[in-house]
Number of protein chains: 2
Amino acid sequence: MNKPKDADDPIVGLSRSSIERLYSYYLLAIYAKQQGSSHISSKRLAENLLIGDTQVRKDMAAINLVGQPKRGYAIDETIRALREAMGLNQVHHAVLCGVGNLGRALLEYSRFSEFGFKMVGAFDVREEIIGTDISATRILHIDHLEQVVEIFAVEIGILTVNVWAAQDICDRMVKSGVKAIWNFAPIHLKTPDNVLVRNEDFAGSLTVISHYLRGQNRAMARDLEPPE
Amino acid sequence: MNKPKDADDPIVGLSRSSIERLYSYYLLAIYAKQQGSSHISSKRLAENLLIGDTQVRKDMAAINLVGQPKRGYAIDETIRALREAMGLNQVHHAVLCGVGNLGRALLEYSRFSEFGFKMVGAFDVREEIIGTDISATRILHIDHLEQVVEIFAVEIGILTVNVWAAQDICDRMVKSGVKAIWNFAPIHLKTPDNVLVRNEDFAGSLTVISHYLRGQNRAMARDLEPPE
DNA sequence: TAGATTGTTAATCGATTAACAATC
DNA sequence: TAGATTGTTAATCGATTAACAATC
């Protein structure tokens, strides 16, 4: 326990940002394969992601992929290595807490299975929706959260409750064994170090947009003003 | 036009990451005010965001806020400066394209007005929903996109169409005058330099989670294995 | 006063980019 | 061969953190 990094572990030098790029590479590789290509170059991947090709090659090197000069990376090997690096071949159970509009939309989001996520249940407190199904996921009362997480060894918790309930539900998920939380509530959750929290920060996004437009309009006002 | 940075502009040294933090500061400041506090310290803000207090002070300095030793930042002034920096006092018109599950959830998302976003319409091609309203936003045919954007001087486009349509709809929005795009399609949109694209990358998030659990399970497998 | 807190400089850290030799 | 492409080192860039004097 607590071994300080394994020399065998093939994933070193794979930064958070690199990991976020892997799925885009993967989609492009699959697309290239469908088009009949046998190889794909760092240049082509880079153009699609609007990044530099050096960065692509670094990412590829980090997952132990070796390319061929003049040709690029072999498609099949690339797809295999990307799936492996992303952990796409494993299946993980997931629950969702908070079946409001956003929770409902996520339950109907069709891509979970591509990532090996299997929804075992969704939780809420509103009696009128409990017992119904959304996209084949049964809505259960939040009182049963702990039992379900333990019984199904659920590793992923999707948090779409309102901000006031978020930390409490988070704690309950973590206590019953959840290892990663996809958080949509505008709050920075406190969790043990070994639990991953991924924040989907809508408010942060809207702030960035609002701040940008503010800058634009200032610039425009300046341009229209006669010089003093 | 094209002045290379204005000495007057009070927002320099405000990085993308800083901007994303502003709304969290803002919520905390409002909460502190409701609790009757007259000041709020960088330490308290930092604890809530799980970051260091130095970083908070840097952010505050970047928006020209000056604190008082021993007390912290005056609440009212802080709230005012944060609203100003985020551009929250301005109103911007927005449209949404693609009224699927996610688009519907966003239309029902209640927080747009807090950011000064006013939804003027949502667009789709499915005749059966055109003409209906979701949260007081009328669903219109995508053919009318350009007209509406131009007439209302819409600056914000929310993109929840499927990936194959995304670049095309993006181009149409940009061409009619949209200045910022909140993109939920898993694609890196090509736009002119003066158009902001904010990607809400669900696939990237799921990849990070999947990769993390893969690492966890490997570590666990290693711990359970007898040493060779 | 002593202690808490700000403001700011310098150091650190980590990710991206430039440069270029190696290879097919 | 010439040219395209990889792989890798070193440089750059930008954000975070540490350190500490200044202040109330």
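Treat the numbers as computed from the prediction; the structure is a model and nothing was measured. Letters A, B, ... are given to chains in the order of the sequence lines, protein chains preceding strands, and every chain is numbered from 1. These values consider heavy atoms only, across backbone and side chains, with no hydrogens, waters or symmetry-generated copies.
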| request: Step by step, work out the side chain to side chain contact (heavy atoms under 4.5 Å, CB included) result for Leu106(A) and Phe202(B). | output: CA-CA 10 Å; Leu106(A) 289 175; Phe202(B) 285 4; 3.9 Å; yes
| said: Pair Met60(B), Ser42(B) - check side chain to side chain contact (heavy atoms under 4.5 Å, CB included), show working. | reply: CA-CA 9 Å; Met60(B) 293 309 197; Ser42(B) 59; over 6 Å; no
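Residues Asp59(B) and Tyr25(B) bring a donor and an acceptor atom of their side chains to less than 3.5 Å of each other. Between the side chains of Glu20(A) and Thr207(B), no donor-acceptor pair of N or O atoms lies under 3.5 Å.
Applying a 4.0 Å cut-off to non-hydrogen atoms, none of the residues of residues 26-49 of chain A approaches DNA chain C. The stretch residues 72-82 of chain B touches DNA chain C through Gly72(B), Tyr73(B), each having a heavy atom under 4.0 angstrom from the strand.
Listed by first then second residue, pairs satisfying ring-ring contact (aromatic ring centres under 6.0 Å, His included) with a partner in residues 29-76 of chain B number zero, not counting sequence neighbours.
A distance-only check finds no donor-acceptor pair linking the side chain of Glu155(B) to the backbone of Ala94(B) [under 3.5 Å]. In this structure a side-chain-to-backbone donor-acceptor pair under 3.5 Å is missing from Ser176(B) to Val149(B). In this structure, Ser210(A) contributes its side chain and Met86(B) its backbone to a donor-acceptor pair below 3.5 Å.
Aromatic ring centres of Phe112(A) and Phe115(A) lie farther apart than the 6.0 Å criterion allows.
Rounded to the nearest 0.5 angstrom, His92(B) NE2 and Leu213(A) CG are separated by 4.5 Å.
Comparing Gln68(A) and Arg21(A) by the nucleotide of DNA chain C that holds the closest heavy atom to each, the one mapping nearer the 5' end is Arg21(A). Each of Lys70(A) and Thr54(A) was assigned the nucleotide of DNA chain D with the nearest heavy atom; the assignment lying further toward the 5' end belongs to Lys70(A).
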Under 3.5 Å, side-chain donor or acceptor atoms of residues 44-53 of chain B against the rest of the protein: list the pairs with distances, not counting sequence neighbours.
unit_1: Asn48(B); atom_1: ND2; unit_2: Arg44(B); atom_2: O; d: 3.1

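Stem regions annotated for DNA chain D: C:3-24 with D:3-24, counting only runs of 3 or more consecutive pairs of Watson-Crick or G-U type with both contacts under 3.5 Å.
The nucleotide range of DNA chain C contacted by chain B, defined by atoms under 4.0 angstrom from heavy atoms of the protein and reported 5' to 3', is dG3(C) to dA10(C).
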